[in-house]
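Read through the structure below, which is laid out as structure tokens, and then see the notes.
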Number of protein chains: 2
Amino acid sequence: MARWQPDARGRLAAAAFELFRERGFEQTTVTDIAARAGLDKRTFYRLFGDKREALFSGGEQLEAVLVKAVTETGAGPFEAVVAAFRLVADEIFADRLELVRMRQSIIASSAELQERELRKMSSLTAAVAAALRAKGLSATTAALATESGVTVFRVAYARWVAPDSDASLADLIAEVAAELRTITSAPG
Amino acid sequence: MARWQPDARGRLAAAAFELFRERGFEQTTVTDIAARAGLDKRTFYRLFGDKREALFSGGEQLEAVLVKAVTETGAGPFEAVVAAFRLVADEIFADRLELVRMRQSIIASSAELQERELRKMSSLTAAVAAALRAKGLSATTAALATESGVTVFRVAYARWVAPDSDASLADLIAEVAAELRTITSAPG
DNA sequence: ACGGTGATGTCACAAGGCGACATGCCCCTC
DNA sequence: GAGGGGCATGTCGCCTTGTGACATCACCGT
């Protein structure tokens with residue numbers, strides 16, 4: 001029953017998000033999610049590889065923006081990656097603090113979700129590093145610049161999401177990048 | 001049958017490693033592993049939280065060595081973490097290249113295992129950062145130094161494991177650390 | 001020999017995930 | 001406007017993961 005539901009993917013993702021918040025990730029079954037969206041369990045699995053994937057819906061977009069920004073800039077590799085994340089901060093995250101906090105608290109509640117988030121970050125990193133390599137950088141340099149940039153983002157993001165924070169994500173990224181430079185510069 | 005098998009944990013881990021290599025991780029069921037070790041599926045789950053955990057047996061040791069090294073050194077935070085990884089490289093990895101390569105090729109074959117490895121790294125990172133904080137460093141500095149150090153290790157490790165490499169892991173770590181400094185030092 | 005303790009085996013079961021097939025909807029064509 | 005192809009969805013059944021509850025058996029001290 002209820003065939004042809006428009007935007008099945010979006011409705012499933014939304015249903016999943018709601019249920020994860022209401023009962024927690026582990027207490028929610030895929031059948032529950034499908035039921036709330038008015039669809040079948042099997043349909044869920046055709047649209048998402050996984051129960052966890054329902055929480056990582058918009059992620060592809062992020063990778064696209066990052067790769068584009070990194071590719072088009074002329075700055076040094078590390079600066080390029082940091083700048084790309086600042087762009088992402090403004091374009092994608094800036095006006096979604098509350099949503100991001102809810103999402104993050106769901107993720108924090110489940111080891112499975114943490115693993116998945118880590119993998120998403122990892123594949124993002126790989127994509128950015130590939131973009132840098134495509135510009136002629138060595139594999140090692142590309143990997144280092146990318147991972148360092150991601151580290152900066154990760155730390156800034158953690159501070160941004162923290163309950164008592166009020167600075168903008170882009171500003172935090174700049175701050176953290178500056179501190180990274182300080183820490184790694186002194187050889188003694 | 002076959003009660004009181006000595007070193008059940010070790011035998012299960014060994015059986016798992018063999019089977020993962022013979023048939024691949026996904027084609028191996030927990031029942032298979034237990035059977036090869038002469039034990040029951042239920043016993044496996046009492047000794048390992050997970051099918052994946054069987055591949056990450058010795059990991060606790062690594063964390064202990066790292067935390068101890070980081071705590072005892074007097075150098076700057078980033079240097080401390082890098083030095084700790086160099087120690088680990090000599091004490092734990094140096095004479096196990098072939099084993100590490102086999103393990104890595106198993107991990108590369110399964111997304112689930114990659115996620116688990118990422119999480120192991122992440123909890124390792126958290127432990128090291130906590131050790132730095134215990135020495136009086138700010139949360140941000142501790143996180144940055146640790147993550148940068150881990151990045152250096154990660155990149156060096158990837159090169160060490162690569163089929164055509166022959167440098168020692170400790171040397172690679174030093175090389176990569178130097179390059180990280182170069183990349184992050186130039187502000188323009 | 002006796003009872004206790006801890007490790008193991010047995011059974012049953014919920015949930016994740018997937019292959020195969022059935023069914024209904026929509027649109028295109030003649 | 002009837003027929004048919006194609007696509008999204010539903011149904012069914014299956015294997016595997018992971019866990020709770022309970023039965024056993026070995027070993028140990030006494």
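Model, not experiment: these values are computed from the prediction. Throughout, protein chains are lettered first and strands after them, A, B, ... in sequence-line order, and every chain is numbered starting at 1.
Judged by closest nucleotide on DNA chain C, B/L47 is the one of A/K51 and B/L47 placed further toward the 5' end. The residue among A/R42 and A/T28 whose nearest nucleotide of DNA chain C lies closer to the 5′ end is A/T28.
Ring geometry for A/F85 versus A/F153: interplanar angle under 30°, hence parallel rather than tilted (30 to 60°).
In the set C/dT10, C/dA20, C/dA15, C/dT10 carries the atom at the smallest distance from any side-chain atom of B/D40. With C/dA20, C/dG16, C/dT8 as the choices, the nucleotide that has an atom nearest any side-chain atom of B/L39 turns out to be C/dT8.
Taking 3.5 Å as the limit, the base of C/dG17 and the side chain of A/R46 contain no donor-acceptor pair of atoms between them.
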Could you check A/D40 against A/R42 for salt bridge (Lys or Arg N to Asp or Glu O under 4.0 Å), going step by step and ending with a plain yes or no? CA-CA 5 Å; A/D40 189 85; A/R42 199 69 187 77; over 6 Å; no
Between A/I33 and A/L12, is the side-chain contact (heavy atoms from CB on, under 4.5 Å) condition met? List the steps. CA-CA 7 Å; A/I33 300 172; A/L12 283 166; 4.1 Å; yes
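OP1 or OP2 of D/dG18 has at least one side-chain nitrogen or oxygen of B/R52 nearer than 4.0 Å. For the OP1/OP2 pair of D/dG10 and a distance below 4.0 Å, the side-chain nitrogens and oxygens of A/T43 include at least one atom meeting the criterion. Dashed line: the shortest gap from a side-chain N or O of B/Y45 to OP1 or OP2 of D/dG18 is under 4.0 Å.
Rounding to whole angstrom units, CG of residue A/D50 and C1' of D/dT17 are separated by 14 Å. Regarding A/E112, its CD atom lies at a distance of 10 Å from the P atom of D/dT19, rounded to whole Å. Whole-Å rounding puts the B/R116 CZ to D/dT17 P distance at 14 Å. Atom P of nucleotide C/dC18 and atom CZ of A/F48 are separated by 14 Å, given to the nearest angstrom. Here the P atom of nucleotide C/dG16 and the CZ atom of A/F25 are 8 Å apart, to the nearest Å. If you take CD1 of A/I33 and C1' of C/dG17, they are 13 Å apart, rounded to a whole angstrom. If you measure from atom CG of B/L12 to atom P of C/dA7, you get 14 Å, rounded to the nearest angstrom. With rounding to whole Å, A/E26 atom CD is found 18 Å from D/dT17 atom P.
Cluster annotation: B/L113 is not connected to A/L118 through the hydrophobic network of ILVMFWY side chains, with a link wherever side-chain heavy atoms come within less than 4.5 Å.
In summary, of the residues considered (A/E26, A/E115, A/E117, A/E112), a salt bridge (Lys or Arg N to Asp or Glu O under 4.0 Å) with A/R52 occurs for A/E112 alone.
A/K41 comes within 4.0 angstrom of a nucleotide base, judged by non-hydrogen atoms across all strands.
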